[in-house]
Amino acid sequence: MTPLVEQGYVMKDREETIRIVTEAYEEARKVIPEGHVATYIPELGKVDPNQLGICLYRLDKEKICVGDYNVRFTMQSVSKVISLCVALELLGPDKVFDVVGAEPSGEAFNSIAELDLNSNKPYNPLINSGALAVAGLLVDKVSFYDMLSFAKKLCVDDEITFNEAAYESEMKTCSRNRAIGYLLESKDIIKTDVEETLKFYTKLCSLNVTAESLANFAKILASDGVCAKTGQRYLSGRTVRIVKTLMLTCGMYDGSGTYAIKVGIPTKSGVGGGLLCVSDKRAGIGVFGPALDAQGNSIAGINLLERISQHLSLNLFYDPDWEDVEIKEKLV
Ligand code: GLU
């Protein structure tokens, strides 16, 4: 592949990149008051909404970190990407897409209505119903501790811990997910024990990571599954391709389309405020910003990524050769 620099992509030098990221960070902080931390999981309601942090790796360069990039927070829905990777590696796409679709839902992350009315399987693996279906495939085959060590490996972070308080808090209030679980059982999609499946799913949501851990994981996905630090391939090219495609089309819930237009980087959000952001072949980015917008995505995180994507040319569809070319003959 021709190096991106030779293709005309702007690879700013380190000082310039630090300036861009820091300025974007300061601007993005201003929208924090427009968001709110999630409170439907009581433990998340205790998190300070004013935090914001980013860690960015350009693939051929060093990393740049600003703000609360090393504060621990629960992974929540970002863990759906890890479960999907494990399921695809272990069982292959046919078995996975037998129980879950690959289409955007256009509904809220924890929606149940569309599942019962319009479809016999969840729309995609990155919403709650789809992730519960995937958890149902895994719970009898992989232990939670295997999943934890796989998460540590993918995030290149041995310090990832299980946040028991967040887990207990969510288990007490997860009636909706429980309802989804039993609905999936009634449709023969979850064939394992629903309560065990629910615990497995919720434990994965309760892993404590940092923006830096997410950036490490994003960097591996941006490098087609190879860890630059160890030189080892952790995920097959096929798994990584499927995961990145779903992150682009479904990773931001019912805000996925608008986000794809504005930012153009495959991303998965979680209600803990995390964003796992994969600018293919260019950069791996992790963000933490717990104040959320109406869709449950980090409000300042999105604002920050929009600015960075634009100034560092990270949008998947950005082509420096054509972006500013004037149209000579107007079509309309
Ligand atoms: N544990 C959360 C839930 O199941 C994750 C949701 C999210 O991060 O979007 O509701």
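Just so you know, ligand 1 is whichever comes first in the structure, and atom 1 is the first atom listed for that ligand.
- Counting only non-hydrogen atoms, the option in Gln76, Lys80, Lys268 that gets closest to atom 2 (C) of ligand 1 is Gln76.
- In this view, Ser79 satisfies the side chain to side chain donor-acceptor pair (under 3.5 Å) rule with no residue, not counting sequence neighbours.
- Under a 4.0 Å N-O distance rule, the pair Arg19/Glu15 does not qualify as a salt bridge.
- Every atom of ligand 1 with a heavy atom of Asn177 under 4.0 Å away is listed here by number and element: 3 (C), 4 (O), 10 (O).
- Thr249 has its side chain out of reach of Ser256: every pair of non-hydrogen atoms, C-beta onward, lies at least 4.5 Å apart.
- Between Ser77 and ligand 1, an N or O atom pair is found at a separation short of 3.5 Å.
- Ring to ring, Phe150 and Tyr234 are not that close: their centroids are 6.0 angstrom or more apart.
- Interface atoms of ligand 1 facing Cys205, defined by a heavy-atom separation under 4.0 Å, are 1 (N).
- Within the 4.5 Å cutoff, the side chain of Lys121 has no heavy atoms near those of the Lys187 side chain.
- The residue from Lys281, Arg241, Lys219 that alone fulfils the salt bridge (Lys or Arg N to Asp or Glu O under 4.0 Å) condition with Asp224 is Lys281.
- For ligand 1, the atoms lying closer than 4.0 Å to a non-hydrogen atom of Tyr253 are 7 (C), 8 (O), 9 (O).
- Within the 4.0 Å heavy-atom criterion, both parts of Val271, backbone and side chain, lie near ligand 1.
- Those atoms of ligand 1 that come under 4.0 Å of a heavy atom in Gly270, given as number and element, are 8 (O).
- Considering backbone and side-chain N/O atoms, Gly272 never comes within less than 3.5 Å of an N/O atom of ligand 1.
- By the 30° and 60° cut-offs, the orientation of the rings of Phe288 relative to Phe73 is parallel.
- In the vicinity of Tyr40, heavy-atom distances shorter than 4.0 Å reach the ligand 1 atoms 2 (C), 3 (C), 5 (C), 6 (C), 10 (O).
- Neither the backbone nor the side chain of Arg176 has a heavy atom within less than 4.0 Å of ligand 1.
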